[in-house]
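Bear in mind that the values here come from a model prediction, so they are computed numbers and not experimental data. Letters A, B, ... mirror the listed sequences (proteins, then strands); counts begin at 1.
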There are 2 protein chains.
Amino acid sequence: MANTQRTARYRELAAALRADVLSGVYGEGGRLPSEEALAASHGVSRGTVRQALALLRAEGVVTSRRGTRRVVLEQPRVQSFAELSSFTRWARSLGEEPGGSVLELRWREADPVEAERLRLPAGERVLWVLRLRTLGGEPVMVERTVYPEPVGALVEAMPPDAVSVTELLEAQGVVLADADHTVDLTLADADDARLLGCAPEAPLLREHRRTSDPTGVPVEWSEDRYRAGTVAFTVHNSLAATALARTLPSSARGVSRQE
Amino acid sequence: MANTQRTARYRELAAALRADVLSGVYGEGGRLPSEEALAASHGVSRGTVRQALALLRAEGVVTSRRGTRRVVLEQPRVQSFAELSSFTRWARSLGEEPGGSVLELRWREADPVEAERLRLPAGERVLWVLRLRTLGGEPVMVERTVYPEPVGALVEAMPPDAVSVTELLEAQGVVLADADHTVDLTLADADDARLLGCAPEAPLLREHRRTSDPTGVPVEWSEDRYRAGTVAFTVHNSLAATALARTLPSSARGVSRQE
DNA sequence: CAGTGGTCTAGACCACCAA
DNA sequence: TGGTGGTCTAGACCACTGG
């Protein structure tokens with residue numbers, strides 16, 4: 001009695017509930033029906049309902065507390081890290097027209113940082129790509145990415161004006177499963193300034209991203225620099241869900257080595 | 001046969017597994033035992049094992065794929081948004097000595113943005129607080145926070161040099177359950193420059209944060225400005241877990257069609 | 001005190017991966 | 001083809017919230 005063929009039941013349920021919530025059926029600050037009631041009305045077990053609700057909770061759509069029905073949170077949901085893995089998808093979901101072109105591309109040896117991030121032996125060959133990304137024709141981001149050998153070969157073969165590298169990669173069977181993002185601030189160098197049309201030394205929002213495939217093997221290591229004012233990164237977190245992480249003993253955490 | 005008294009079984013299990021992974025028992029890129037095996041060896045049901053593993057997965061500690069055992073991802077996991085809700089906790093977990101002091105504090109009417117964020121009627125009275133945050137004595141962040149009436153009263157009564165407002169609030173029974181964070185970039189104004197000891201117009205990393213209690217009622221709305229180079233925000237996401245969000249029908253989202 | 005979400009179990013079938 | 005994770009069920013007890 002398992003359904004995995006198409007979309008999982010709990011995902012369908014989540015979608016249905018999400019739609020209800022966003023359309024204001026329950027009102028902001030309103031309460032959802034009980035799990036029992038949802039299970040009955042949708043003809044599934046309570047376990048499935050809970051799986052669906054866990055999704056909505058992670059998205060920040062509803063709260064959850066023992067003893068009380070779930071409460072509807074705000075709805076804004078502008079743009080969160082969920083979409084971040086692909087510039088193109090992110091742009092489209094905002095209703096903007098994404099563009100992009102490869103400005104430079106070459107094979108070279110990985111520097112120590114790149115090798116470590118891609119989990120490659122030092123000096124391994126990697127494909128380095130410099131891209132300019134635009135929204136509605138306006139330059140907004142400079143992207144410097146390195147790909148390990150196998151993936152690099154696929155990227156190299158793509159047309160230089162390919163809008164979505166991610167989608168092309170997926171079409172070739174490369175699955176992107178996990179990503180780590182780090183956001184900080186940096187200053188525009190001469191190239192950035194020229195490409196983005198800003199002053200040299202102008203502050204830029206920087207994102208480092210490492211993406212892995214389902215096996216955990218790194219597929220991409222990228223540094224993206226956004227012009228000020230063009231993006232804001234959003235995250236939602238439920239403290240309950242992450243409380244544990246804070247209670248842990250430091251265990252095997254050396255010094256505070258960070259990047 | 002449910003255990004909720006102390007820590008849930010699955011959280012203990014998660015902690016144990018996390019410790020194992022971090023101590024390198026399985027090796028980076030190594031494989032975890034099967035769910036069945038873990039269930040047997042820890043004397044719990046498979047369901048409980050899966051709950052534990054879901055935590056580790058969300059933290060980016062392990063992958064998961066149908067058909068194969070889970071794979072250990074990298075271990076860095078230094079500082080992520082999980083800790084972000086409290087500057088103090090974040091600092092401590094880095095091994096740094098957090099400090100802070102209230103520089104200004106007054107009741108005033110909420111401006112339109114604040115009212116909207118705190119979900120209050122326009123012009124409602126709120127407590128506005130300006131704090132300087134330090135790490136090891138060095139100023140790193142300027143925090144401007146507004147609190148709605150009830151919480152504000154508690155904050156007002158705190159000693160001006162209280163290190164952790166969050167902890168004091170929790171001690172008073174105010175539970176912080178959910179938070180939305182937005183990160184972007186801004187420039188230092190005269191006050192920022194003076195307080196942080198940087199040049200006016202110097203670029204700063206800015207975080208907007210709205211925190212709610214378990215009921216979904218906003219408790220705090222804050223704008224924090226970090227000196228460049230003092231922080232980096234980190235997030236991990238599993239695409240599998242968020243794939244649905246991208247596949248959704250536009251349902252009831254006004255303009256800008258979603259995909 | 002009744003209702004509700006949190007935790008846990010035992011068992012089932014399926015889809016997918018690797019051998 | 002066998003092992004593994006993904007999904008689903010049915011039922012149970014508990015902790016907490018609220019009237």
Distances under 3.5 Å between protein N/O atoms and the N/O atoms of nucleotides 17-19 of chain D, please, pair by pair.
residue, atom, partner, partner atom, Å
D:dT17, O3', A:T68, OG1, 3.4
D:dG18, OP1, A:R65, NH2, 3.2

> Starting at CD of A:E36 and ending at C1' of C:dG6, how long is that distance when rounded to a whole Å?
Replying inline: 14 Å
> Between A:S64 and A:R57, is any side-chain donor less than 3.5 angstrom from a side-chain acceptor?
Replying inline: yes
> Checking side chain to side chain contact (heavy atoms under 4.5 Å, CB included) against A:W221, which of A:L120, A:V146, A:V126 comes through?
Replying inline: A:V146
> Does anything in residues 38-50 of chain A reach DNA chain C, meaning a heavy atom under 4.0 Å, and if so which residues?
Replying inline: A:R46, A:R50
>> I need the B:T145 OG1 to B:D224 CG distance, nearest 0.5 Å.
In response: 6.0 Å
> Closest heavy-atom contact between A:T215 and B:R65?
Replying inline: OG1-NH2, 3.9 Å
> Taking atom P of C:dG6 as reference, at what distance in whole Å does atom CD of B:Q51 sit?
Replying inline: 10 Å
>> Taking only side-chain N and O atoms of B:R9, does any of them lie within less than 4.0 angstrom of OP1 or OP2 on D:dC13?
In response: no
>> So which atom in A:L127 and which in A:E156 form the shortest heavy-atom distance, rounded to 0.1 Å?
In response: CD2-N, 3.9 Å
> Where do B:V175 and B:P214 come nearest, in terms of heavy atoms and distance?
Replying inline: O-CD, 3.3 Å
> How many Å lie between CZ on B:R69 and C1' on D:dG2, as a whole number?
Replying inline: 12 Å
>> I'd like to know if the side chain of A:T88 reaches the main chain of A:V163, judged simply by a donor and an acceptor atom lying under 3.5 Å from each other, with no hydrogens or angles considered.
In response: yes
> Is the backbone N or O of A:G216 less than 3.5 Å from a side-chain atom of A:R119, with the two atoms forming a donor-acceptor pair by type?
Replying inline: yes
> Tell me: CD of B:E35 to C1' of D:dT7, nearest whole Å?
Replying inline: 11 Å
> Just how far, in rounded Å, is C1' of D:dG6 from CD of A:E12?
Replying inline: 15 Å
